[in-house]
Amino acid sequence: RAAQGNFGDRIAPIVGHNYDEIGDLAKRYDAMAEKINGLLKRQKTLFHDVSHELRSPLARIDVALALLEKDPTKSRQAVERIEEEVANLDTLVEALLTYARLDENAPMHFEQTDLVPILETIVEDADFEGSAKNVRVTLTSDAALPVRVHIDSIASALENLIRNALRFSPAGSTVSVTARKTDSTVTVEICDAGPGIAESDIARLFEPFVRGSNQATGSGLGLAIAKRAALRHGGTLNAQNIAPHGLKMRLTLPLLSATEHLPSDTPN
């Protein structure tokens with residue numbers, strides 16, 4: 001039945017043999033079937049969501065072309081709209097490629113680095129951007145945060161999280177970025193003073209194409225990419241509403257211990 005695509009069957013309860021190799025084999029089969037079944041369901045959902053996301057800008061391009069045919073005097077507006085939608089499609093495709101590259105089986109180049117300079121650059125840029133809406137972005141961190149990461153994907157994840165916090169922060173508020181290390185992890189917390197999100201949205205916040213009720217625009221892939229980057233590095237990413245209002249994003253990464261001496265070009 002599995003060979004025919006039916007991964008819904010579970011055999012361990014029927015086989016029994018809880019304390020021997022036969023029972024162990026049945027449990028391992030069930031675990032495999034459960035994982036494959038979940039992957040297939042997520043793939044179908046992703047294909048459905050991708051087709052929906054692509055259909056919307058394509059439909060608007062069709063409308064712009066139809067208006068152009070009916071009224072050539074509005075060619076400038078129509079062309080500008082088409083260019084805008086093509087840019088949206090390009091952004092979406094790039095996000096999809098980034099999401100796919102962070103798949104657990106895709107090869108990635110990991111390097112030893114200090115996370116502090118990466119954070120400093122991102123925060124400095126975000127603080128400059130936030131000055132336009134009177135929002136500060138600050139960084140408080142330990143002197144050094146040694147990690148072994150794929151630099152581009154982690155930098156992109158951090159930038160996405162910080163810019164997302166900046167986006168929902170009201171004028172006159174501050175986005176605080178705090179980075180600390182423990183015996184085994186590096187933890188980065190990004191806190192804003194925005195409206196937060198509905199508790200019902202938190203569980204699905206990091207799924208592809210899921211947007212919070214207060215987020216009507218964007219690809220819906222940014223947080224999913226950040227989450228996948230964290231998991232690919234053996235870390236975590238979660239969200240939590242904070243009182244009286246605001247949202248906290250907490251990213252954790254494994255700390256590079258003092259005894260590790262891995263060459264920088266070591267493949268994953």
Donor-acceptor check, side chain of [X] to backbone of [Y], threshold 3.5 angstrom: yes or no?
X: D142; Y: A144; result: no
X: K133; Y: S169; result: yes
X: R76; Y: T73; result: no

[atom2] on [Y] to [atom1] on [X], rounded to 0.5 Å:
X: I154; Y: I122; atom1: CD1; atom2: CD1; value: 10.0 Å
X: L166; Y: N164; atom1: CG; atom2: CG; value: 9.5 Å
X: K70; Y: L67; atom1: NZ; atom2: CG; value: 7.0 Å
X: S184; Y: L256; atom1: OG; atom2: CG; value: 12.5 Å
X: N6; Y: D9; atom1: CG; atom2: CG; value: 4.5 Å
X: T174; Y: D192; atom1: OG1; atom2: CG; value: 11.0 Å

Within a strict 4.5 Å, meaning less than it, do heavy atoms of the [X] and [Y] side chains meet?
X: T187; Y: K181; answer: no
X: T252; Y: R250; answer: yes
X: D30; Y: P13; answer: yes
X: E21; Y: L25; answer: no
X: D125; Y: I162; answer: no
X: V175; Y: R136; answer: no
X: V147; Y: T113; answer: yes
X: L255; Y: T182; answer: no

Which heavy atom of [X] sits nearest a heavy atom of [Y], and at what distance?
X: V135; Y: A171; value: CG2-CA, 4.2 Å
X: F110; Y: R232; value: CZ-O, 4.1 Å
X: L247; Y: A239; value: CD1-CB, 4.3 Å
X: V123; Y: V137; value: CG1-O, 3.6 Å
X: L251; Y: A230; value: CD1-CB, 3.5 Å
X: N241; Y: G196; value: OD1-CA, 3.4 Å

Exercise for the section: Assess whether side chain to side chain donor-acceptor pair (under 3.5 Å) is satisfied between E34 and N37, documenting all intermediate values. Expected result: CA-CA 5 Å; E34 181 70 25; N37 200 40; 5.5 Å; no

Do the side chains of [X] and [Y] join up, straight or via other hydrophobic residues, at under 4.5 Å, putting them in one cluster?
X: L231; Y: L161; result: no
X: L40; Y: Y29; result: yes
X: V186; Y: V116; result: yes
X: I151; Y: V177; result: yes
X: M32; Y: V15; result: yes

Got more than 12 heavy atoms from elsewhere within 6.0 Å of [atom1], [X]?
X: R60; atom1: CZ; answer: yes
X: R28; atom1: CZ; answer: no
X: L65; atom1: CG; answer: yes
X: Q240; atom1: CD; answer: yes
X: K74; atom1: NZ; answer: no

Practice task
Would you please test L89 and L54 for side chain to side chain contact (heavy atoms under 4.5 Å, CB included) and show each step?
Solution key: CA-CA 7 Å; L89 286 170; L54 291 174; 3.8 Å; yes

Exercise for the section: Please step through side chain to side chain contact (heavy atoms under 4.5 Å, CB included) for the pair E120 and L139, ending with a clear verdict. Expected result: CA-CA 7 Å; E120 287 176 339; L139 172 64; 3.7 Å; yes

Handout entry: Check ion pair R163-E129 (N to O, under 4.0 angstrom)
Key = yes

Exercise for the section: Give the C-alpha distance, both sets of side-chain angles, the deciding distance and a yes or no for side chain to side chain contact (heavy atoms under 4.5 Å, CB included) between T185 and L253. Expected result: CA-CA 6 Å; T185 63; L253 296 170; over 6 Å; no

Exercise for the section: Classify the angle between the aromatic ring planes of H233 and H150 as parallel (below 30°), tilted (30 to 60°) or perpendicular (above 60°). Expected result: tilted

Practice task
Give the C-alpha distance, both sets of side-chain angles, the deciding distance and a yes or no for side chain to side chain contact (heavy atoms under 4.5 Å, CB included) between L205 and M249.
Solution key: CA-CA 11 Å; L205 186 62; M249 290 285 185; 3.8 Å; yes

